[in-house]
Each structure stands twice: as C-alpha cells, then as structure tokens.
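Starting from 1, each residue takes its place in the sequence as its number.
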Amino acid sequence: MNFAAKFGIASRLGVLLAVVVVVTAGVTTYSAYDVSRDLLVASAKNELLASTKVLARRIQLSRNEIVRNLQVLAHYPATVAALQGGGMTPRDQLADLFALVMDANPGYYQVRLIALADFGLEQVRIDRDGTKLVRVVGDDLQEKGHYPYVFDTARLAAGEIYLSRIVINHERGAHSGLERPTVQLATPVVGNSGEVLGVVVINVDLNGTFTQLA
C-alpha cells in the first residue's frame with residue numbers, strides 16, 4: 001500500500017509538474033510573441049513616420065522651389081512690360097523664359113501670365129503636350145478672370161503666394177494637364193505705382209506626388 005501510495009503521489013506530482021512546465025512554456029511563448037509583435041509594430045510605426053517626414057520635406061522643398069520661380073517671373077521686367085502694352089517683344093521674352101522654367105521642372109504642365117484687364121485674358125501661356133512645350137497664342141488665349149487663382153491672387157500683396165485646393169483639371173485646352181490632379185500656385189504682378197496688373201500662375205501635376213504617397 002505504501003508503495004502504491006507513493007507511486008500514486010509520484011504520478012500526480014509528475015503530471016502536475018508536466019502541466020506546470022507546459023503552462024510555463026505557453027506563457028513564455030506568448031510573452032515572446034507579444035513582445036515581438038510590439039517590436040514589429042513599433043518598428044513599422046517608426047518607418048512610416050520617417051517616410052512621412054521625408055515625403056513632407058520633399059513636398060515642402062518642391063513648394064519652395066515653385067514659390068521662388070513665381071517670384072522671379074513676377075519681378076522679371078518683361079512681365080510688367082507685357083501687362084502695360086509693351087507689344088510682342090516682352091511677351092516673346094516671357095514665352096522663352098516660361099519654356100526654360102518648364103523644361104527644368106517636368107512637374108509643371110502650364111505657366112501663364114494673366115492680365116486683370118479684359119476679364120483676365122491670358123497674355124503669355126506655355127503648355128506641356130506630352131514631350132513637347134506648346135505656346136498658345138491668338139484666339140486660343142482664354143479669359144480666366146472668373147477663376148479663384150486669378151481674382152483671389154489679385155487681392156494679395158506683392159510677393160504673397162496663392163495656393164489652390166487639389167482639383168482635377170477640367171479647363172479647356174490644357175493639353176497634358178487635362179483631367180489630371182493639379183494644384184495652382186500664383187502670385188500678383190505689381191506695377192511701378194503699386195497697382196496689381198495681373199498674375200503669374202504655375203499649374204503643377206500631382207501624379208508624381210501621389211506615386212510617392214502610394
């Protein structure tokens with residue numbers, strides 16, 4: 001009886017010990033999994049945050065570059081001359097300069113000088129059409145005075161920048177920019193006496209930005 005009792009106690013202790021070992025192993029495994037999962041989540045968050053900061057930095061640098069280009073174009077002597085009846089010479093000079101700016105910045109698909117007179121008639125306009133740059137002239141120049149990027153920009157002080165909402169471009173005759181996500185940045189062109197004569201507008205294709213976001 002004593003042997004049987006001892007054997008029974010030993011068996012029960014063995015089973016209990018086995019259960020304790022299994023439970024301990026399970027808890028240890030779960031704890032390791034939980035810690036590993038938290039580490040993976042934290043690592044993913046850090047990588048996403050770093051990527052977001054890099055992208056935000058790139059967008060800010062791109063915006064700053066557009067602002068600099070706008071300010072150069074708005075202060076270029078031919079810009080004011082083109083809005084003050086200087087004939088075709090300043091317009092031709094501006095068209096060449098607009099083309100150079102667009103050639104150096106593939107994300108720009110349209111650069112324009114728009115007068116406040118004549119219901120916001122475009123004075124100089126360069127469009128991107130595939131791999132080509134196209135100057136729009138004559139009767140193809142359009143009145144844009146009813147668009148916010150014209151009348152809102154006209155209320156700004158010299159050097160201030162208008163930034164539109166992101167929209168799908170539906171404007172007629174926009175070549176490569178038609179039906180594409182875009183944002184417009186603009187700045188007023190101020191005459192020698194301080195009056196706003198017109199606006200310079202750069203249309204930016206956002207497909208590249210969306211690709212980076214993806």
Side-chain angles (χ1 to χ4, degrees), residues 1-73 100-111 127-133 147-149 152-153 156 159-171 174-187 200-214:
M1 292 294 294
N2 290 337
F3 176 78
K6 289 180 180 179
F7 181 76
I9 293 172
S11 298
R12 288 194 290 270
L13 287 175
V15 171
L16 179 61
L17 181 60
V19 170
V20 170
V21 170
V22 170
V23 171
T24 302
V27 170
T28 302
T29 302
Y30 177 79
S31 298
Y33 165 77
D34 194 49
V35 170
S36 298
R37 183 187 62 186
D38 289 344
L39 289 174
L40 286 173
V41 170
S43 177
K45 286 181 178 179
N46 289 335
E47 289 181 5
L48 182 59
L49 180 60
S51 298
T52 302
K53 288 181 177 179
V54 170
L55 180 59
R57 179 62 176 165
R58 287 179 180 175
I59 293 174
Q60 184 62 42
L61 289 174
S62 177
R63 182 182 183 278
N64 291 343
E65 180 67 20
I66 299 169
V67 168
R68 285 192 291 269
N69 287 334
L70 280 171
Q71 291 175 342
V72 168
L73 296 176
L100 288 173
V101 170
M102 291 183 67
D103 191 53
N105 297 275
Y108 300 178
Y109 68 76
Q110 193 176 73
V111 181
D127 285 3
R128 190 178 300 280
D129 187 7
T131 59
K132 300 183 299 181
L133 296 177
Y147 282 99
Y149 61 78
D152 281 344
T153 304
L156 300 178
E160 292 186 332
I161 300 297
Y162 168 86
L163 176 64
S164 75
R165 296 179 302 151
I166 295 174
V167 297
I168 301 298
N169 185 36
H170 300 300
E171 290 190 51
H175 295 92
S176 293
L178 188 63
E179 304 300 331
R180 296 171 73 94
T182 183
V183 65
Q184 288 124 352
L185 289 90
T187 194
V200 177
V201 185
I202 295 177
N203 285 36
V204 182
D205 182 9
L206 292 181
N207 274 346
T209 302
F210 291 155
T211 299
Q212 287 183 326
L213 285 171

Counting only N and O atoms by type, is there a donor-acceptor contact under 3.5 Å from the side chain of S43 to the main-chain atoms of L39? no

Separation of L100 CG from N69 CG (nearest 0.5 Å): 11.5 Å

Can you see which heavy atom on M102 is nearest to which on D127, and at what distance? CE-C, 4.0 Å

Give the minimum heavy-atom separation between Y149 and A186, together with the two atoms involved. O-CB, 3.9 Å

First locate atom CD of Q184, then atom CZ of R165, and finally report the distance between them rounded to the nearest 0.5 Å. 10.5 Å

Check: R180 side chain, N169 main-chain N or O, donor-acceptor pair, under 3.5 Å: no

Does I168 offer a backbone N or O that forms a donor-acceptor pair with the side chain of T182 under 3.5 Å? no

Quick one: CD on Q71 to CD on E160, what's the gap to the nearest 0.5 Å? 10.5 Å

Supply the atom-to-atom distance N203 CG to Y108 OH, rounded to the nearest 0.5 angstrom. 11.5 Å

Which heavy-atom pair separates L133 from R128 by the least distance, and what is that distance? CD2-NH1, 3.8 Å

Does the side chain to side chain contact (heavy atoms under 4.5 Å, CB included) test come out yes or no for V201 and Y147, once each step is laid out? CA-CA 12 Å; V201 185; Y147 282 99; over 6 Å; no

What is the minimum heavy-atom distance between V200 and L70, and which atoms define it? O-CD2, 3.5 Å

Answer yes or no: are there more than 12 heavy-atom neighbours, outside R57 itself, under 6.0 Å from its atom CZ? no

Go through T187 and L156 one step at a time and tell me if the side chain to side chain contact (heavy atoms under 4.5 Å, CB included) criterion holds. CA-CA 8 Å; T187 194; L156 300 178; over 6 Å; no

With rounding to the nearest 0.5 Å, note down the distance linking CD in E65 to CD1 in I202. 9.5 Å

Can you give me the closest heavy-atom contact between P181 and N207, atom names plus distance? CG-OD1, 3.1 Å

